[in-house]
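Computation of the quantities below employed the complete heavy-atom set of this structure, encompassing side-chain atoms and omitting hydrogens, waters and symmetry-equivalent molecules.
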Amino acid sequence: MKICIFGSGAIGGYLGVRLHQAGADVSLVARGAHLTAMRENGVKLIVGEEETVVHPRCTDNAAELGPQDYVIIGLKAHSVPSVVDAIQPLLGKDTAVVTAVNGIPYWYFYKNGGEFEGRVLDTVDPGGIQWNGLSPERAIGCVVYPATEVVEPGVIQHIYGDKFSLGEPDGSQSDRVKKLSAAMEAGGLRAPVLDRIRDEIWLKLWGNLCFNPISALTHATLDVICSDPETRAVAKAMMLEAKEIGDRLGVHFRVDVERRINGAGAVGAHKTSMLQDLERGRPMEIDALLSVVQEMGRMVGVATPTIDVVLALVRQRGEIADCYTRPQRASSEAAPAVAAQ
Ligand SMILES: NC(=O)C1=CN([C@@H]2O[C@H](COP(=O)(O)OP(=O)(O)OC[C@H]3O[C@@H](n4cnc5c(N)ncnc54)[C@H](OP(=O)(O)O)[C@@H]3O)[C@@H](O)[C@H]2O)C=CC1
Ligand SMILES: CC(C)(CO)C(=O)C(=O)O
């Protein structure tokens, strides 16, 4: 089984080590000092006291790898459009593209049915670059639960979790998704194949939507955001707006808001990825986690006053820190009327 992980940082590198250990023919696409270190010394994964070093193929040139059975995208959401051309040599007739990326993926409205079938989301896929270049037919959804970090070039520290939920956009138990799940499980991961992957995407997004920007604005860790009654109330208001949007799109939320917030608080004194990105001067994943929910709210006619306020603030925070560039708004589209809602 040939698997290329395009974007082999914290999550992609962790997946790469586990799939390599399972015997898959794994290639990692990376860049910079991290690539150099992985090429020279292998990829080191630290899990608790245990250190593993493996030596998969590592490159910054996907063209030298040829068509794959699976391309797993392990990039931050905002980086994906810029690599669509570079991914092309990896795509054969039957290559599946697995989106191991937080937030709403480009293929969301493929085989979802309903009035928005085939809709491209401007905030995550401006101009339909991913929809057209990767194509929704190839897509397998993936919800990433573990937390990992590149602690030095070539070295990935596992923090918690081992589950990567998988699912076809049409909910089928296809051979390709079952084979990928089996390979991941052979590597010691949990990889359930779900028939309603969008429900799981929303459950993860529910937390990222509010905790990530609140943490970027306040610099608080998850335990603090969830236990302070005022920030907890902001998070809850955002989540209830998102739930109404999800409900209208046919999403089933299997836990209630309080339980979801308590679950995040129990993670403890953890900095969200958006806060970590801000502190390190790296691009922030604002559009795939927040802007897209605002966009979907407008599609289904649900007002998002709290999301609008937090999005406006975190966008400005990101811009001032040089960690965010907002998507171009069509000149015909009015600015969000936050105060009027
Ligand atoms: N890390 C975590 O604990 C979790 C992450 N996620 C999600 O998983 C996704 C991946 O996150 P994460 O692994 O943390 O991100 P990382 O930044 O650690 O990994 C992405 C990697 O892709 C590399 N990259 C970017 N552009 C290119 C390119 N054009 N060519 C080659 N390599 C490239 C980056 O290099 P460079 O550093 O030079 O930009 C980086 O090494 C995100 O959506 C994130 O939200 C979800 C749950 C937990
Ligand atoms: C920590 C957590 C769970 C916050 O929602 C996360 O997924 C992130 O930091 O991106």
So, are R254 and E200 salt-bridged, with charged N and O less than 4.0 Å apart? yes
Polar contact flag, side-chain donor to acceptor under 3.5 angstrom, N61-T59: no
Is R280 salt-bridged to E149, going by a charged N under 4.0 Å from an acidic O? yes
Salt bridge check, K111 against E117: does any charged N sit closer than 4.0 Å to a carboxylate O? no
With the threshold set at 4.0 Å, does a side-chain nitrogen-carboxylate oxygen contact exist between D277 and K76? yes
Report the relative orientation of the aromatic rings in W206 and F253; use parallel for angles under 30°, tilted for 30 to 60°, perpendicular for over 60°. tilted
Ignoring hydrogens and angles, state whether a donor on the side chain of D195 or Q173 is under 3.5 Å from an acceptor on the partner side chain. no
When you look at L90 and L65, which way does the side chain to side chain contact (heavy atoms under 4.5 Å, CB included) test go after all the steps? CA-CA 7 Å; L90 302 169; L65 302 174; 3.8 Å; yes
Taking R315 first and then D287, would you say they form a salt bridge - that is, a charged N and a carboxylate O separated by under 4.0 Å? yes
In terms of heavy-atom contacts, Y145 and Y160 come closest through O-CE1, 3.7 Å
K44 side chain reached by T52 side chain, heavy atoms, under 4.5 Å: no
Taking R57 for the side chain and L28 for the main chain, is one N or O donor matched with an acceptor at less than 3.5 Å? no
Where do Y106 and L134 land on the side chain to side chain contact (heavy atoms under 4.5 Å, CB included) test, with the steps shown first? CA-CA 9 Å; Y106 74 93; L134 301 177; 3.5 Å; yes
Check the side chains of T304 and E241 for a donor-acceptor pair under 3.5 angstrom, ignoring hydrogens and angles. no
Does Q157 reach the main-chain N or O of T148 with its side chain, forming a donor-acceptor pair under 3.5 Å? no
Whether H158 and Y14 hold their rings parallel, tilted or perpendicular, with breakpoints at 30° and 60°: tilted
For residues S215 and T272, is any side-chain donor paired with an opposing acceptor at under 3.5 Å? yes
Presence of salt bridge, R232 and D228, under 4.0 angstrom: no
Applied to residues 158-170, the salt bridge (Lys or Arg N to Asp or Glu O under 4.0 Å) test, sequence neighbours excluded, yields D162-R190, E168-R176
Assess R317 against Y324: is NZ or CZ under 6.0 Å from the centre of the six-membered ring, and within 45 degrees of the ring's axis? no
